[in-house]
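Here is the structure we will look at, set down as structure tokens.
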Amino acid sequence: MQNIEIDPQTISITWTLLCTALVLLMQPGFTCLESGLVRNKNNINVALKNVADFCISGVCFWLIGYGLMYGASANGYFGTSQFALDSFDDPSVLAYFLFQMMFCGTAATILSGAVAERMRFSGYIICSFLTATVLFPVVGHWIWHGKHFEQFPLGWLLELGFIDYAGATVVHSVGGWIALIALIIVGPRLGRFTREGEPKEMFCQNLPLSALGTFLLFIGWFGFNGGSVSSPSTELARVFSNTALSACAGGVSALLLSWNLHSMQGIRYVLNGLLAGLVAISASADLVNLPSAIVIGAISGCISVLLADLLEKLNIDDVVSAVPVHLGGGIWGTISVALFVPLEKLQLNTHTEQLIVQLTGVFACAVWVCSIGFGFLWLVNQIHPLRVSAQTETIGLNFGEHGMKDELIDLMEQFDKIANSESSLKHLNVEHGSNNASLCMTYNYLLDHTSKHFKAREDELLRLASLDPLTGIANRRVYEQVMAETFELAQKQKTSFCLLVIDVDNFKQYNDHYGHQLGDYCLQNVCQALSSKLRVKKGLLARIGGEEFAIILPNTSQKTATSIAQDIRAAVRALEIPHSGGKDEFVTVSIGGATWASDQEVNPQQLFDDADMALFRAKAAGRNQVIFAGEE
Amino acid sequence: MQNIEIDPQTISITWTLLCTALVLLMQPGFTCLESGLVRNKNNINVALKNVADFCISGVCFWLIGYGLMYGASANGYFGTSQFALDSFDDPSVLAYFLFQMMFCGTAATILSGAVAERMRFSGYIICSFLTATVLFPVVGHWIWHGKHFEQFPLGWLLELGFIDYAGATVVHSVGGWIALIALIIVGPRLGRFTREGEPKEMFCQNLPLSALGTFLLFIGWFGFNGGSVSSPSTELARVFSNTALSACAGGVSALLLSWNLHSMQGIRYVLNGLLAGLVAISASADLVNLPSAIVIGAISGCISVLLADLLEKLNIDDVVSAVPVHLGGGIWGTISVALFVPLEKLQLNTHTEQLIVQLTGVFACAVWVCSIGFGFLWLVNQIHPLRVSAQTETIGLNFGEHGMKDELIDLMEQFDKIANSESSLKHLNVEHGSNNASLCMTYNYLLDHTSKHFKAREDELLRLASLDPLTGIANRRVYEQVMAETFELAQKQKTSFCLLVIDVDNFKQYNDHYGHQLGDYCLQNVCQALSSKLRVKKGLLARIGGEEFAIILPNTSQKTATSIAQDIRAAVRALEIPHSGGKDEFVTVSIGGATWASDQEVNPQQLFDDADMALFRAKAAGRNQVIFAGEE
Amino acid sequence: MQNIEIDPQTISITWTLLCTALVLLMQPGFTCLESGLVRNKNNINVALKNVADFCISGVCFWLIGYGLMYGASANGYFGTSQFALDSFDDPSVLAYFLFQMMFCGTAATILSGAVAERMRFSGYIICSFLTATVLFPVVGHWIWHGKHFEQFPLGWLLELGFIDYAGATVVHSVGGWIALIALIIVGPRLGRFTREGEPKEMFCQNLPLSALGTFLLFIGWFGFNGGSVSSPSTELARVFSNTALSACAGGVSALLLSWNLHSMQGIRYVLNGLLAGLVAISASADLVNLPSAIVIGAISGCISVLLADLLEKLNIDDVVSAVPVHLGGGIWGTISVALFVPLEKLQLNTHTEQLIVQLTGVFACAVWVCSIGFGFLWLVNQIHPLRVSAQTETIGLNFGEHGMKDELIDLMEQFDKIANSESSLKHLNVEHGSNNASLCMTYNYLLDHTSKHFKAREDELLRLASLDPLTGIANRRVYEQVMAETFELAQKQKTSFCLLVIDVDNFKQYNDHYGHQLGDYCLQNVCQALSSKLRVKKGLLARIGGEEFAIILPNTSQKTATSIAQDIRAAVRALEIPHSGGKDEFVTVSIGGATWASDQEVNPQQLFDDADMALFRAKAAGRNQVIFAGEE
């Protein structure tokens, strides 16, 4: 076991570093809080902003910020030394630098949530840079220079007696003001307010993540406020319990107030209220008693709710309520010092004097951050717009800025491809495990099955549209279509097929004699007889004229066709048509046939003519006959 | 550098506060664990419950709970002073209060996951209030009053020699019992069990978040168990390593047992097992050796698996397995003290005596929490039902309780709107970046493209249904429709159009002479000749009767129409109809025309009559003629 | 208040345990980082792997690993005692064991992200076991045995003067090498590279979770590097600030480099860069100054970017960039010791000598891990394939390995069920709150409403296909269908219905005399007259032949039917058909009726015959008459 040296400096440094680790929890806290409150299309962008701003502000604070904040003071206005510290320097300074770097990162990141969903990544980086390099360090110098280490002259506000224990003004108001400035410059999200200024709710998409973030911030705050005591002391018990109960009170008051104002929908304000309680108590966590801390927190919770409503009315679109929480809570916390801290613990002789100094600090901070911030951002905005294009905003910054395709983008590309192809009914790719998989599969299913379903009914319709109304069999149009198909197929396959043309004998006389009704009835019966004989053999029966029918027999030899024709003839002869009465008068048909063979150069029309001629001969030969073309 | 005073009290306070910060990690731990295990429609509700219960229980514990727990004891049953502490009080008390407040928040929040997805927000708040104000503090008084600070009389269970190092009974059993009571009162989720009592799996929707929560709880437990040593000592090494390895052993045993019982599906029980190991070791983390800790953890892991199965069999629907983990692990941990702690470290002389006392404590806790809890919740349930309505449960508590519209709700509203509008085929709004964007886009696409697709096929069907079967051209119905349209358009645009009525000359004789077949053939040829002449000029050719055709020529002057009619006449004359044989007999047509001009008051029927009359004159003039109405 | 003893050992132990708690944050850190970077279908699997591997490696390290690492050394190659520690052992050893157990868990878990989405759960457990039991402890023995506690002989690399402050080689290179080996053995994910080796982006699905994980790792690293100082000292300030700024520098350099290389898409490399900065500084956090730390971090950030690109080119598919970050950063960090640490702080006399030793260590670690790792994994892979089946990989490991049905699986099952049922158009279950709810609802809506829509248009088509072209009323086919339906219904309901058969008197003569046109016109007018009389009474009017119509009157008595028939007859008589000129010649109809009553055994055909016979009698009786069958 190595020797251990334990001395006050070591204890102080260790404590500061442990608190530093706790404060770092605020970074994932902000990341979760903000990612959960934005719409999914921008959550990657806001998360990456949080990571990037911390890295950049860390390096900047090391290079410039810390020197401006804690370097040798120029009349209490800004520091002028200790830029780019070396780690072999005084370890106390180093530990304190690291702790302040976390504060700096916090101040710089407050902005990110407020202007989420429409501020450019590059523009945001510029804002972070400004905050970390100039805005936060200078205010920090005014208020904290000379407080932790004995350095003279003191920061001018500290000299005046201004009290800000752990950054209600230095960190949160600074962050809040720059957020407000940026909000005004970049304007609200598209669609957040109607033209008449009516707000439209934009639903956050992962509130549990925000709840996680809120708790992480809460824990981080113990580091924030605890580490502001330079070395462990019994005083810490007060700091910690004030912090925790102010947070709880803020949560409860925001919950109750917003429940009243916005019914159950307001319950999510509990997150803001809790955070506002933490911000406010940062100013005086070591100075007030527990009941005061609870009141400060409770009032801060209410302020955060009311201020959020006010911003909405002013059509300022603060996505994560950064301004109500950090600026509202920060100003209130700073002022509350003068109201709640017992007189003996104040820097000045009366509460009123202290109040004036506190207000001076609030005002100075406002003027400084707003003037520099507005001037700088306005200038930048002229050269390099801080806001993304409307198109990028609509499609989301995840894709628009980072090319992170989500499923929507993928789907849009697929639809575009399909739209450019010939068929509009193509399957989508089902990428198992992607968020679109269910959707794509359903699309494909719907396409297939409704197509199948409608196809079936369409076929039925087509069939109906192609039937002869009287007999219910195919009409002449179908005959011609099927003949063309049969012909083509037979040509290709070099097979033969037969055509029968059938005429009801003496139908005209029959019709005239018995009337249309019986004529029709007769035709229907004949038709039934014809089709009954076709059942064995697949073939098309069509009515091609008044009393004239045709049968196409694909893949059929003349012999088979003749036999079918004879069957048909006999079947019709066997019919006993009503009203033919006692007379020996029967309905008969004459049939002319023709065979198409692949070695003949005969077209469908000629084939029909051949069959028709054969029919003519059948009629001439006494009717009720079957004759094929080429037969005697 | 300020002076640093370091004394034992400071060290103790600092340690307690650091552990407090660690224990606070259990709150985001529970939030993540529970949010990940519920269905998405309720995740906001359960997250907000976790935040709200902590705020409320914090304030309540400060106001009442701490006094009941650590105030001057009324015979070891409850405390009677120290309500609403002030932070200028003894800092040791304050630090300890804060540490216990975290315990209280933990006990209060155990319930939230168990009854998730169906318990009302307001009802839940009442339960939290009850636990934080009465149930937890009184049990805490019995077991811990006098242990940390020297206060007499001791809590009655402590007096008996009951051992509960860090809350296996005080925190976890209390939380577990109240969860069980609430589970019985509110009943299982809709659809969780069939009528026959068969369980139906309800899939959690964000297990990675639950894994995160489990680890955060693990880390928080170091604070839980570590902070229960009032000041840093070498003993901590045992506490920490027992805690960590009991957790690991619980995880491994649950993994192996559930892998055996439920195959790979059981692997997620590893989370429960790890937590059960932590709960069980809380009773004796400072008293057992590492192998014992591992055995305690391993058994606790198995208990959590078996108890979860048992609850399912009993149709008790514990969403996050709060009862198996906290009640099962808590009781087992309390009992295991008597079994595994070396005799010299026990409070009593034999393992058996200790076991009896431990069981007494378990029993007393059960009776207290169940009787008060059941009575109170039953009463509340009568007045203000603890459970949301079936409708709210079905639609989800995110919307039902907090009005947080998710995409489903938005979609339902859109469909409702469409259903109430005239057309059922309207586009949905595509909100880029919302979870529904893909769906809405696909819906729109499907609507457009299937509509287009089916429209095309429908048009084809319509065309087929409107064609004359013999000639394949439009039938009379189409003629009348097109005529009406043409007429209307011409009236509107003040243009003129022509109508030709065409009759095949002597068709009746031709038909009678050559038979139907040739008659039909003749008509088809004529029809082809007619349509061939129309190709240049868009117009409608229809068969309006046996051998009668009509042609509508929109936007056509009489001069052009006459020329077209002459072309047609000549084209028919030029036909060589088969079977007309060697005779000089040709098929011809007569054509009557009529022109509609916008300055005439002629309706379609009159126009037809005019054309028909002209046709009559053309026939009378020797056939094969074209005559227009008004012409000589 | 109890007495507090504070001694150096206590301070050291407490510090180590606090750092242990911080290091444990790395486990949720890895869980979040990896769960966020894989596709959703595998996120549960990777999260459970992280939990399970920690439990298993914890138990294994306790049982075997710690003994191999810190037990009595066998010539500096491995330890031989201290297996299965007891917690009543030396608390310093116990605390140190626990701290190292966290390191072991970290080394074991590095693999999980690299081979995510295709490695079997069981195979992964085997890898964790190997790393925790053998690979990590032996390398740890070489480098750290004798450094913390005075134990001889020293590890052989430590003896040589090898410097690895907090595990750049011991933890990260070991983890990185085994990840690389496993990557080569299991191969890339399906679809990650085309056959030509072109990479295909696979989008991570929850980057904010990864950002959270990155920050948690960052915080954990304070424990990692801070705890490697055995007891608090002012040195910690350097360790912490070097750690933090190396991370920031790594983030910034990776951001800038990848922004240049991959434009804005590269911005997410900031996460890798930050982590690589942390890995690299682990080797020398206590030895270098701040500017060096920043340079080391910045170079490490660049290495992580370039190495990730290189791996992609080599078609090695490292899902979370574990190899670039941990192996790349680890090797670079180990080497950078020789380059950046001031000479007086080195173990050897010159930078070159130190470089040679550092390279020896890197090489030894590579040989050890790769040879044992490759041999073992290759062997295991032969017996029990490390990779899941292609099917499991495609469907996702959440379901394939753990049976965690997601919505896609549920949907697939529903579609399968529907496909196996008769109708393909069935509703899907809408489970409110599930991710599929919107989809299922939309599917159902689309089904209903497009069905309804297309049904309406289909009905229209059907109607058109069933209308007589000339008159626009139903044709004979419809007549027969309606007759059959009416008949069936009447039979069932035992009601009666009537049939009217209507013939236009002398139509043949009229037609011949006035021509087809007027004939058609006449029929249309008659038809209109007929239908006008049917409006009151629902009935079907059909044209069943040339000039013959039929009317079916369901639920109608003969008396009512007779009255309707008389109305019709009169209405036709009242028509003034054009061209009938001045002559007193009117178009009239004869009507035959027949009534079907349920007590008669008459089929539709017979009913028609009866009506037809009545019509015949009506004509015979002078036309323009109504006669019902059975009437005189």
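The figures that follow rest on heavy atoms only: side chains count, while hydrogens, waters and symmetry mates do not.
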Where does C:Ile219 contact chain A at under 4.5 Å (heavy atoms): side chain, backbone, both or neither?
both

Atom of C:Ala237, atom of A:Pro91 and distance for their closest heavy-atom approach:
CB-O, 3.3 Å

Which distance, rounded to the nearest 0.5 Å, do you find between the CD1 of A:Ile13 and the CD of C:Glu235?
11.0 Å

Any heavy-atom pair between the side chains of A:Leu24 and C:Phe222 that's under 4.5 Å?
yes

Comparing A:Leu25, A:Thr31, A:Val51 against chain C, the one with the most heavy-atom pairs below 4.5 Å turns out to be A:Val51

Among C:Gly251, C:Pro291, C:Ala249, C:Ala293, the residue with the most heavy-atom pairs under 4.5 Å to chain A is C:Pro291

Looking just at side-chain N and O atoms, do C:Gln605 and A:Gln524 make a donor-acceptor pair shorter than 3.5 Å?
no

Given a strict heavy-atom distance threshold of 4.5 Å, which part of C:Leu287 is in contact with chain A: side chain, backbone, both, or neither?
backbone

4.5 Å side-chain heavy-atom contact, C:Leu207 and A:His402:
no

Measuring heavy-atom distances to chain C, does A:Leu212 have an atom under 4.5 Å in its side chain, in its backbone, in both, or in neither?
side chain

State, to 0.1 Å, how close A:Thr14 and C:Pro232 come at their nearest heavy-atom pair, and which atoms those are.
OG1-CB, 3.3 Å

In this structure, CZ of C:Arg268 is separated from CG of A:Asn45 (nearest 0.5 Å) by 14.0 Å

Would you say A:Phe121 has more than 12 foreign heavy atoms packed within less than 6.0 Å of its CZ?
yes

Below 4.5 Å, heavy atoms only, C-beta onward: do C:Leu209 and A:Cys32 meet side chain to side chain?
no

To the nearest 0.5 Å, tell me how far A:Ile44 CD1 sits from C:Asn206 CG.
8.5 Å

For A:Gly58 and C:Cys248, the nearest pair of non-hydrogen atoms, with its separation, is CA-SG, 4.2 Å

Once you round to the nearest 0.5 Å, how far does CG of C:Leu236 lie from CG of A:Leu17?
6.0 Å

Given that the side chain runs from C-beta out, which part of C:Ser241 has a heavy atom under 4.5 Å from chain A: side chain, backbone, both or neither?
both

Roughly how far, to the nearest 0.5 Å, is CG of C:Leu245 from CG of A:Leu63?
10.5 Å

Is any side-chain heavy atom of A:Leu18 less than 4.5 Å from a side-chain heavy atom of C:Trp15?
yes

Which atoms of A:Phe97 are under 4.5 Å from chain C, going by heavy atoms: the side chain, the backbone, both sets, or neither?
side chain

Heavy atoms, side chains only, cut-off 4.5 Å: are A:Leu94 and C:Leu290 in contact?
yes

C:Trp259 portion near chain A, given a 4.5 angstrom heavy-atom threshold:
side chain

Quick check on C:Glu201: does its CD atom have over 12 non-hydrogen neighbours (other residues, nucleotides or ligands) under 6.0 Å away?
yes

Can A:Ile56 and C:Leu255 be said to form a side-chain contact (heavy atoms from CB on, under 4.5 Å), step by step?
CA-CA 10 Å; A:Ile56 288 165; C:Leu255 179 67; 4.0 Å; yes

SG (A:Cys55) and CZ (C:Phe218) are apart, to the nearest 0.5 Å, by 7.0 Å

Are any non-hydrogen side-chain atoms of C:Ile294 and A:Trp62 less than 4.5 angstrom apart?
yes

If I measure from the heavy atoms of chain A, does C:Val288 come under 4.5 Å with its side chain, its backbone, both, or neither?
backbone

